[in-house]
Student: 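Take this structure, written in structure tokens, and hold onto it; I'll ask about it next.
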Amino acid sequence: MDYESAVKLLSRHGQLQLLDYYGELDEEKRRILLKDIEKVNFSVLENINNNTARRKDGEYAPITARSLDDIAENREAYEIEGLKLLRENKVGAVLLAGGQGTRLGFDKPKGMFDIGETRFLSIFEQQMNNIKQVTDLSGVCFHLFIMTSEINNAETIDFFRMNGYFGYPEDKIHFYVQDAEPVCGFDGKIFLADKHRVALSPNGNGGWYSSLVNSGLKSVIESEGIEWLNIYSVDNVLQRICDPAFIGATSLSGLGCASKVVKKTRPEEKVGVLCEKDGVPCIVEYYETSKEFSEKRDKNGELVFRYGVTLNYLFKVKLLDKALFNKLPYHVAEKAVPHIENGETVRPAEPNGYKFETLVVDMVGYMGSCLAYEVEREKEFAPVKNKTGYDSVETARALLKLNGVKL
Ligand code: UTP
């Protein structure tokens, strides 16, 4: 794009401030800025005043789950089916590692965080150890796609390389960078991250599939005949990845989507709840629920909306293509965004603008149905979200030790 075209485009969108420092830039920086401007998705800004992600009212109902008891009874059949699919190379995994982990306040990729006590044990290594249990059992290493962001991609790849890919075959690991969206102030004006760079931010964990396709990796899925993808978050150190029983239960259910869930420990626990809304699966985020919804109990005294999602999903690739590509709603989040103001970098302590994110939880509704698969919290759910308190480094370490991991 040349300068004149950029002026025209930005005038149309009321964003001419992006060229404020153009006159000060050398040729190379001008080229970079014009390229950034050309790629901006201006339409996300429409979400500020007209947010389609805001949940509309509807009829909520609990979802029936494969409970721990059901699973114990059918485990053998589930595992046989899951191992068969793994051995046929029909399953791959996607690690969502593009987040910024602001709550943990760690300035490197979250997966590099040392969860050990007497030895260095990164979250990445711990999760790769969890994977090894499955690959040892099946005798097959599945394809592992790792989504990073522009911000942490190089460091993540270096870390894997320096650690010999944790013993995993290098040709089975595929890194890709998630797409980004512009970041703007409360007035809707897009920020500059530098005088020659438009401020961008990763487009949320819902961007995992469209970014994978945009990165060209869909060809691996197609050429390898991968039919299922197991999506998981970087912060759960007890995450069981490509769990054969989970895969088998989902495949045998005939559904195209499944989520590992745990029973909530308390009504106000900060997890998304898997339920149904107007007959369609739906994940209601903790900040969207009413007190009445979270506290409702059945005649046995159990929470009615009790299944919290653990960010471990299984999706049928065919359905992802059919229903989802690029159609997820954007959530508008208020964040403190560093940017250029009067020629200087400003780092606000308080939110000063908006980021636009799509969420993997919204995908579930698009899939039409979802199997809720209950797992034991103490064995499979140890998220590292905060430094201390709930879902923290402390609680995750305690759970790892409970599961026999030497820290
Ligand atoms: P969180 O919702 O916990 O976000 O991510 P976060 O950015 O890691 O942490 P906070 O909220 O700033 O403290 C859940 C999972 O989704 C991934 C994260 O890496 C984590 O595995 N994620 C999140 C992405 O891959 N990309 C994103 O844009 C956001």
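Given the structure is predicted, the values throughout are model-derived calculations rather than measurements. Counting starts at 1 for both ligands and their atoms, in listed order. Numbering of residues begins at 1 and proceeds along the displayed sequence.
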Student: Heavy-atom distance to atom 6 (P) of ligand 1: which of P383, P202, G101 wins?
Tutor: G101

Student: Can you pull out the closest protein heavy atom to atom 12 (O) of ligand 1? Residue, atom name and distance to 0.1 Å, please.
Tutor: T102 OG1, 2.4 Å

Student: Do any N or O atoms from the side chain of Q239 and from the backbone of S233 form a donor-acceptor pair under 3.5 angstrom?
Tutor: yes

Student: What is the nearest protein non-hydrogen atom to atom 15 (C) of ligand 1, stated with its residue, atom name and distance?
Tutor: L311 CD1, 3.6 Å

Student: Give the residue, atom name and distance (to 0.1 Å) of the protein heavy atom nearest atom 23 (C) of ligand 1.
Tutor: G99 CA, 3.6 Å

Student: Taking the six-membered ring of Y390, is NZ or CZ of K270 closer than 6.0 Å to its centre and within 45° of its axis?
Tutor: no

Student: Among Q127, Q133, Q126, exactly one meets side chain to side chain donor-acceptor pair (under 3.5 Å) together with N130. Which residue is that?
Tutor: Q126

Student: Could you tell me whether S233 approaches ligand 1 through its side chain, its backbone, both or neither, with non-hydrogen atoms closer than 4.0 Å?
Tutor: both

Student: Mind checking whether Q178 contacts ligand 1 via backbone (N, CA, C, O), side chain (CB onward), both or neither, at a 4.0 Å heavy-atom cut-off?
Tutor: side chain

Student: My understanding is that only one of R306, R377, K385, K264 makes a salt bridge (charged side-chain N to carboxylate O under 4.0 Å, His left out) with E269; could you say which?
Tutor: R377

Student: Please list the nearest protein heavy atom to atom 21 (O) of ligand 1 with its residue and the distance rounded to 0.1 Å.
Tutor: L96 O, 2.6 Å

Student: Among all the protein's non-hydrogen atoms, which is closest to atom 2 (O) of ligand 1, and how far away is it?
Tutor: R103 NH2, 4.1 Å

Student: Could you tell me the residue and atom name of the protein heavy atom closest to atom 3 (O) of ligand 1, and the distance to it rounded to 0.1 Å?
Tutor: K385 NZ, 2.7 Å

Student: Cationic tip of R30 within the cone over Y22's six-membered ring, i.e. under 6.0 Å and within 45° of the normal?
Tutor: yes

Student: Checking a contact table here: which protein heavy atom is nearest atom 16 (O) of ligand 1, and how many Å away?
Tutor: N205 ND2, 3.2 Å

